[in-house]
Chemist: 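Submitted below is the structure of interest, expressed as C-alpha cells.
The analysis underlying the following values was restricted to heavy atoms, covering all of them including side chains, and did not include hydrogens, waters or symmetry mates.
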Amino acid sequence: MYKKLTKTLFTGHNLVYLTSCHSTNEYAAQLLSDKSTPDGTVVITNNQTSGKGQRGNIWESLPNRNLTFSIIYKPTFLLPRNNFWLNPTLSLAITDFLTEYMDHGVRIKWPNDIYVNDLKIAGILIENSIYGNVITHSIIGIGLNVNQREFERFPATSLSQETQLDFDLSEVLSRLLSRVEARYLQLRSDGWIDLKGQYLELLYRFNQPHYFKSGEIFEGTIIGVDDTGRLEIRKTDDVTETFDFKEVEYL
Ligand code: BTN
C-alpha cells in the first residue's frame with residue numbers, strides 16, 4: 001500500500017502498515033516494548049477506529065481518505081524541559097509541506113494545530129517517554145486531512161478541498177516525511193531559536209487583539225511563546241500573562 005521511502009535518511013525506513021487499528025500512537029507505544037524498534041519507525045493505518053486527539057478528544061478520519069500515522073523518534077539530544085520544541089518542529093514540517101500546494105492561509109494554532117484560513121487541516125499528538133534527564137522516545141501522531149471533502153464534527157478542511165485535486169496517499173506520506181525529517185534534523189543540529197522565529201511568523205492570530213477564555217473572557221494579544229511553550233498574552237500595556245496549554249482557550 002505504501003511505497004518504500006527513499007527521500008529520507010531514516011524516517012519511515014521501518015514502515016509498519018496496518019489495515020486497521022485503534023490508534024497508531026497506541027500501537028507505536030506497544031512496539032516500544034521491543035528495545036530494538038528503530039529510530040524513525042512509522043506506524044500507519046488507513047482505518048484508525050479510535051484515534052486520540054489532544055485534550056482527551058477523539059480524532060476522526062474517514063477510512064482510506066486521509067493520513068493517520070505515528071513516528072517514533074528517539075530525541076535523546078533534547079532535555080525533558082525542552083520537550084515543547086518538538087511542537088514547533090513538527091508544526092513547521094507540516095506547514096512546509098502544505099505550502100508546496102497552497103501559497104497563503106497556512107497557520108499554526110498554538111501549540112500545534114495546523115489551519116488553512118480558519119479551518120483545521122492537521123493535528124499533532126506528541127507523547128514523550130522520559131527517563132532520568134533524557135527523552136528516550138517520542139511518539140509523534142499526525143492526522144492530515146487529504147482526500148476527505150466533507151466534515152461533520154468541526155470546521156475542517158483537507159488538501160483536496162483546498163486544491164480541488166485528489167492525492168495519492170503514498171506520495172503525500174513520502175513528501176511529508178521528508179519535510180518532517182528535515183525539520184527534526186534542524187532541531188537536532190541548531191536547537192530551536194530559528195524554529196521559534198519561523199513558528200511565531202506562522203502563529204495564528206499572532207500580534208492581533210483577540211478574545212480568549214481563561215476562567216473569564218478577556219481581550220489580549222499573543223506576543224510570543226516562551227521556551228517551555230507557554231503562550232504569552234499581553235492583556236494591557238503593562239500586564240502580560242503566560243498560559244499553559246490547558247489554561248487558555250481561543251474564542
Ligand atoms: C489533535 O487533537 O489535533 C491531535 C490529533 C492527532 C491525531 C493523530 S492520527 C494518528 C495518531 N494516532 C492517534 O491516535 N492520534 C494521532
Chemist: Do Val172 and Val42 land in one hydrophobic cluster if side-chain heavy atoms of ILVMFWY residues count as linked below 4.5 Å?
Modeler: yes

Chemist: I'd like to check Leu159 versus Asn145 (side-chain heavy atoms, cut-off strictly below 4.5 Å). Are they in contact?
Modeler: no

Chemist: Check the side chains of Thr45 and Asn47 for a donor-acceptor pair under 3.5 angstrom, ignoring hydrogens and angles.
Modeler: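 The criterion, which ignores hydrogens and geometry beyond distance, is not satisfied for Thr45 and Asn47.
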
Chemist: Show me, pair by pair, the donor-acceptor contacts under 3.5 angstrom made by side chains of residues 207-224, not counting sequence neighbours?
Modeler:
{"from": "His210", "atom 1": "NE2", "to": "Arg205", "atom 2": "NH1", "distance (Å)": "2.7"}
{"from": "His210", "atom 1": "NE2", "to": "Leu251", "atom 2": "O", "distance (Å)": "2.6"}
{"from": "Ser214", "atom 1": "OG", "to": "Glu247", "atom 2": "O", "distance (Å)": "2.8"}

Chemist: Using a 4.5 Å cut-off on heavy atoms from C-beta on, say whether the side chain of Gln54 contacts that of Phe245.
Modeler: yes

Chemist: When you compare the side chain of Leu177 with that of Ile71, does any pair of heavy atoms fall below 4.5 Å?
Modeler: yes

Chemist: Are the charged groups of Lys7 and Glu171 less than 4.0 angstrom apart, N to O?
Modeler: yes

Chemist: Quick one: OH on Tyr2 to CG on Leu15, what's the gap to the nearest 0.5 Å?
Modeler: 9.0 Å

Chemist: Keeping Ser158 on the side-chain end and Gln161 on the backbone end, is there a donor-acceptor pair under 3.5 Å?
Modeler: yes

Chemist: How far does OG1 of Thr89 sit from CG of Leu187, to the nearest 0.5 angstrom?
Modeler: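 Taking OG1 in Thr89 and CG in Leu187, the distance rounds to 4.0 Å.
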
Chemist: Can a side-chain donor-acceptor contact be found between Thr236 and Asp238 if the only test is distance below 3.5 angstrom?
Modeler: yes

Chemist: Which pairs would a plain distance check flag for residues 190-197, meaning a side-chain donor or acceptor within less than 3.5 Å of a matching protein atom at least two apart in sequence or in another chain?
Modeler:
{"from": "Trp192", "atom 1": "NE1", "to": "Asp227", "atom 2": "OD1", "distance (Å)": "3.3"}
{"from": "Lys196", "atom 1": "NZ", "to": "Val225", "atom 2": "O", "distance (Å)": "3.1"}

Chemist: Determine whether Thr157 and Lys120 satisfy the following criterion, side chain to side chain contact (heavy atoms under 4.5 Å, CB included), listing intermediate values before the conclusion.
Modeler: CA-CA 6 Å; Thr157 190; Lys120 185 161 170 172; over 6 Å; no

Chemist: Please report the shortest heavy-atom distance between Gly229 and Trp110, naming the atom on each side.
Modeler: O-NE1, 2.9 Å

Chemist: State, yes or no, whether a side-chain contact exists between Pro63 and Asn46 at a heavy-atom distance under 4.5 Å.
Modeler: no

Chemist: Would you say the side chain of Pro38 lies within less than 4.5 Å of the side chain of Phe10, judging by non-hydrogen atoms?
Modeler: no

Chemist: Just to verify, what does Tyr27 make a ring pair (Phe, Tyr, Trp, His ring centres under 6.0 Å) with, not counting sequence neighbours?
Modeler: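 In terms of ring pair (Phe, Tyr, Trp, His ring centres under 6.0 Å), with neighbours along the sequence ignored, Tyr27 is linked to no residue.
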
Chemist: Among Asn117, Asp113, Asp118, which residue meets the side-chain hydrogen bond (donor to acceptor under 3.5 Å, both in side chains) test with Tyr204?
Modeler: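 Result for side-chain hydrogen bond (donor to acceptor under 3.5 Å, both in side chains) with Tyr204: Asp118.
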
Chemist: With a 4.5 Å cut-off on side-chain heavy atoms, are Trp85 and Asn82 touching?
Modeler: yes

Chemist: Can you see whether Ser36 engages Asp34 through a side-chain donor-acceptor pair at a distance of less than 3.5 angstrom?
Modeler: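 Distance-only check passes for Ser36 and Asp34.
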
Chemist: Using only atom types and a distance under 3.5 Å, with no angle test, would you say the side chain of Asp244 pairs donor to acceptor with the backbone of Lys246?
Modeler: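 The answer is no, because no donor-acceptor pair under 3.5 Å joins these two groups.
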
Chemist: Tell me if a side-chain donor or acceptor on His137 pairs with a main-chain N or O of Asp39 at a distance below 3.5 Å.
Modeler: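 The answer is no, because no donor-acceptor pair under 3.5 Å joins these two groups.
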
Chemist: Looking at Thr11 and Thr8, would you say the former's side chain and the latter's main chain have a donor-acceptor pair under 3.5 Å?
Modeler: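 No, because the side chain of Thr11 does not come within donor-acceptor range (under 3.5 Å) of the backbone of Thr8.
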
Chemist: If you count heavy atoms of other groups shown closer than 6.0 angstrom to CD of Glu150, is the number above 12?
Modeler: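 No, not enclosed.
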
Chemist: Search all heavy atoms of Asn66 against all heavy atoms of Leu169 and return the closest pair with its distance.
Modeler: O-CD1, 3.9 Å

Chemist: How would you list, by chain and number, every residue that makes a side chain to side chain donor-acceptor pair (under 3.5 Å) with Thr242, sequence neighbours excluded?
Modeler: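 Counting only residues at least two positions away or on another chain, Thr242 forms a side chain to side chain donor-acceptor pair (under 3.5 Å) with Arg230.
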
Chemist: Below 4.5 Å, heavy atoms only, C-beta onward: do Val116 and Met102 meet side chain to side chain?
Modeler: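 Yes; the side chains approach each other to less than 4.5 Å.
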
Chemist: Can you hop from Tyr115 to Leu92 via hydrophobic side chains spaced under 4.5 Å?
Modeler: no

Chemist: Which atom names give the shortest non-hydrogen contact between Ser138 and Ile126, and what distance separates them?
Modeler: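 So the minimum-distance heavy-atom pair works out to OG-CG2, 3.5 Å.
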
Chemist: Between Ile121 and Ile142, is there shared hydrophobic-cluster membership here, with clusters defined by ILVMFWY side-chain heavy atoms closer than 4.5 Å?
Modeler: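 Yes, same cluster.
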
Chemist: Tell me whether the NZ or CZ atom of Arg175 lies within the 45° cone about the ring axis of Phe97 and under 6.0 Å from its centre.
Modeler: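 Geometry flag: not set, cation outside 6.0 Å or 45°.
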
Chemist: Under a 3.5 Å threshold, yes or no: a donor from one side chain and an acceptor from the other, between Gln48 and Thr68?
Modeler: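 Short answer, no.
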
Chemist: Are Ile124 and Phe151 linked, directly or through other ILVMFWY residues, by side chains that come within less than 4.5 angstrom of each other?
Modeler: no

Chemist: Nearest heavy-atom pair of Ala93 and Leu176: which atoms, and what distance?
Modeler: O-CD1, 4.4 Å

Chemist: Each residue besides Leu62 in its hydrophobic cluster should be listed here, by chain and number; the cluster joins Ile, Leu, Val, Met, Phe, Trp and Tyr at side-chain heavy-atom distances under 4.5 Å.
Modeler: none

Chemist: Checking the side chain of Thr41 only, and the main-chain atoms of Thr37 only, is there a donor and an acceptor separated by less than 3.5 Å?
Modeler: no

Chemist: Hey, what's the ring geometry for Tyr184 with Tyr73, parallel, tilted or perpendicular (30° and 60° as the breaks)?
Modeler: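 Parallel.
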
Chemist: Output every pair passing ring pair (Phe, Tyr, Trp, His ring centres under 6.0 Å) with a member in residues 155-177, not counting sequence neighbours, ordered by first then second residue.
Modeler: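 Pairs touching residues 155-177 that pass the test: Tyr101-Phe167.
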
Chemist: Quick one: closest heavy-atom pair of Ala122 and Trp59, and the distance?
Modeler: C-CH2, 4.1 Å

Chemist: If every non-hydrogen atom of Leu86 is compared with every non-hydrogen atom of Pro75, which pair is closest and at what distance?
Modeler: CD1-CG, 4.4 Å

Chemist: Assigning hydrophobic clusters by single linkage (Ile, Leu, Val, Met, Phe, Trp, Tyr; side-chain heavy-atom cutoff under 4.5 Å), is Leu173 placed with Ile94?
Modeler: yes

Chemist: Can you check whether Ala28's main-chain N or O pairs, donor with acceptor, with Ser70's side chain at less than 3.5 Å?
Modeler: no

Chemist: For Ser129, does its backbone N or O pair with a side-chain atom of Thr136 as donor and acceptor, under 3.5 Å?
Modeler: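 Confirmed, Thr136 side chain pairs with Ser129 backbone.
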
Chemist: Would a distance-only check, ignoring hydrogens and angles, find a side-chain to backbone donor-acceptor pair under 3.5 Å from Gln148 to Arg65?
Modeler: no

Chemist: For the pair Lys52 and Glu127, find out whether any cationic side-chain nitrogen is under 4.0 Å from an anionic carboxylate oxygen.
Modeler: yes

Chemist: Would you say Ile114 and Ile108 make side-chain contact, with heavy atoms under 4.5 Å?
Modeler: yes

Chemist: Does Arg149 have more than 12 heavy atoms from other residues, nucleotides or ligands lying within 6.0 Å of its CZ?
Modeler: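 Yes, the 6.0 Å shell around CZ holds more than 12 heavy atoms from other groups.
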
